[in-house]
2 protein chains.
Amino acid sequence: MTAAGDPSPVAVGDAPRVETRVERKERTRRAILDAALDLSGETSLVGVSLRQVAKEVGIVPTGFYRHFDSIESLGLALVDESFASLRAMLRDVRQIDRQDPEKPFASIVDHSVRVLADHVERQHQHFLFIARERAAGPRAVREAIRHEIGLCERELAADLALLPGTTRWSSEDFRNISNLIVTSMVATAEALIAAGDDVEAREQICAAARTQLRMVIVGALHWRANV
Amino acid sequence: MTAAGDPSPVAVGDAPRVETRVERKERTRRAILDAALDLSGETSLVGVSLRQVAKEVGIVPTGFYRHFDSIESLGLALVDESFASLRAMLRDVRQIDRQDPEKPFASIVDHSVRVLADHVERQHQHFLFIARERAAGPRAVREAIRHEIGLCERELAADLALLPGTTRWSSEDFRNISNLIVTSMVATAEALIAAGDDVEAREQICAAARTQLRMVIVGALHWRANV
DNA sequence: AGAATCAGTGAACGTCTGTACACCGAAACT
DNA sequence: AGTTTCGGTGTACAGACGTTCACTGATTCT
């Protein structure tokens, strides 16, 4: 970041690459976040103590304060991180949807569910964190999560508007439908996590999610006509 | 329970009705349950200590053990209680559905949502408890809740089978649909609780729930034909 | 080379936690 | 009547908790 030339004083190349101070700090910060994500798995963030986190990371309790000033603010950082990965997933879903926005609903649904399952598998800690702390975290964390989910719903609504057959929907319809979809996808994520390594169960859950998503879409497409 | 005649030694009627021992115990037990329900409102049951509960009830900490042997077993009692009231609600929904099972889906939906909103308003502590501890309670509590929700879904599936137009559904369809409905109703309950006393917001949430429920049903009725 | 920064240390504090134990006194049984 | 039962009490303890403070020593800046 500085304008100076090579700031590294290491002359020979065999030194194990001395860590810079900010790198080291970032590494510890990550370790704290990971430890908290891990520990909150039993029960919830509310059940996690600063001392537990410190012990898990391998620092002394007071060292925690160099990075966060409370478990709650740590929680808010985890919310940011979790939704960053969730947004990455939504971007993946969107990308495919846009490249062929015409026609086959079924394939869009299939793809969306597959992307969801993929991300849940790789980032299940984040999804689990959201699902859990949404209902049970510290108040500030709960509110942050609700807010983020609201944003996701609005994003999804905007996406839905690009699909064919949705011209008759009111803005209320869009809101309802994306709320319904987000809700059931959160539930799917929870179920996938609960299923753990049981691949058969996972596939069953994905199949159910596909069906449910199709039902919702079919219902949404028909419902204006059938009230 | 004994065969003896009047066991009460009170001769005159103006005595303030001496409490029997089991009555007194039950009263304290109730107070403990209520206190725990209350205290777990901030965050979760995991964040509630035996001593807090005891202080709230007005007994000494060790007195707690006369009724429960841990916060966790108290939680299991609350699960029973909460689902008892949820079941009462389902019974109410069912009763009306059965008295006129033909035709008007819309009115069934309207009625169901109204009953839900009613019960949520009166028993919001129970619903909130379920929604919260389902994701964040002690492990045993979480499992108990998941199990009970599974039962509710099966009950609902059996109910749906009585409605007209559902003959083409497979047993998988029934499972998927009731899962979808239960999931979105749980979400509705959460939203209603979050809305608090704001009557306008409540009405909006109910309207959304009605719409969503109709969409799901319309989708379910059409989806076999449109895959 | 010298000064400043700052992630991590270690001891100490007051408070809260769950649990053990012996005890009380009124209700319930015989 | 005498005895047992048992909900609730009071004291006590060891451990975990969040937070304070003064510290160290390697990295970074000048």
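Chain A is the first sequence line, chain B the second, and so forth, proteins listed ahead of strands; every chain is numbered from 1.
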Given 3.5 Å as the limit, does a donor-acceptor pair link the side chain of A:Thr20 with the main chain of A:Glu23, or not? no
Just how far, in rounded Å, is P of C:dT15 from NZ of B:Lys55? 12 Å
OP1, OP2 of D:dT9 versus side-chain N and O of B:Thr62: anything below 4.0 Å? no
Upstream residue (5' side of DNA chain D) when A:Leu50 and A:Arg66 are each assigned their closest nucleotide: A:Leu50
note: A:Glu19, atom CD; D:dG25, atom C1'; distance rounded to Å ~ 16 Å
Electrostatic pair A:Arg142:A:Glu133 at N-O distance under 4.0 angstrom: no
If each of B:Arg21 and B:Gly63 is mapped to the nucleotide of DNA chain D with the nearest heavy atom, which maps nearer the 5' terminus, i.e. the 5' end? B:Arg21
Taking only side-chain N and O atoms of A:Thr20, does any of them lie within less than 4.0 angstrom of OP1 or OP2 on D:dT28? yes
Sole residue of A:Val57, A:Asp69, A:Thr28, A:Ile71 in side chain to side chain contact (heavy atoms under 4.5 Å, CB included) with A:Phe64: A:Ile71
A:Pro61 side-chain proximity, nearest of D:dG7, D:dT19, D:dC17: D:dT19
Using atom CD of A:Glu23 as one end and atom C1' of D:dT28 as the other, report the distance to the nearest whole Å. 14 Å
Heavy atoms under 4.0 Å, any strand shown: does A:Thr28 hit a base, just sugar-phosphate, or nothing? sugar-phosphate
Between C1' of C:dA20 and OH of B:Tyr65, the distance in whole Å: 9 Å
Cationic N near anionic O, under 4.0 Å, A:Arg139 to B:Glu42: yes
All ring-ring contact (aromatic ring centres under 6.0 Å, His included) counterparts of A:Phe174, not counting sequence neighbours: A:Trp169
Can you tell me the distance, in whole Å, between the CZ atom of A:Arg24 and the P atom of C:dT9? 8 Å
Starting at CZ of B:Arg27 and ending at P of C:dA27, how long is that distance when rounded to a whole Å? 13 Å
A:Phe68 CZ to C:dA7 C1': how many Å, rounded? 14 Å
Of all the nucleotides listed (C:dG8, D:dT19, C:dT19), which has the minimum atom distance to the side chain of B:Arg51? C:dT19
Return the value, rounded to whole Å, for the distance between atom CZ of A:Arg30 and atom P of C:dA7. 17 Å
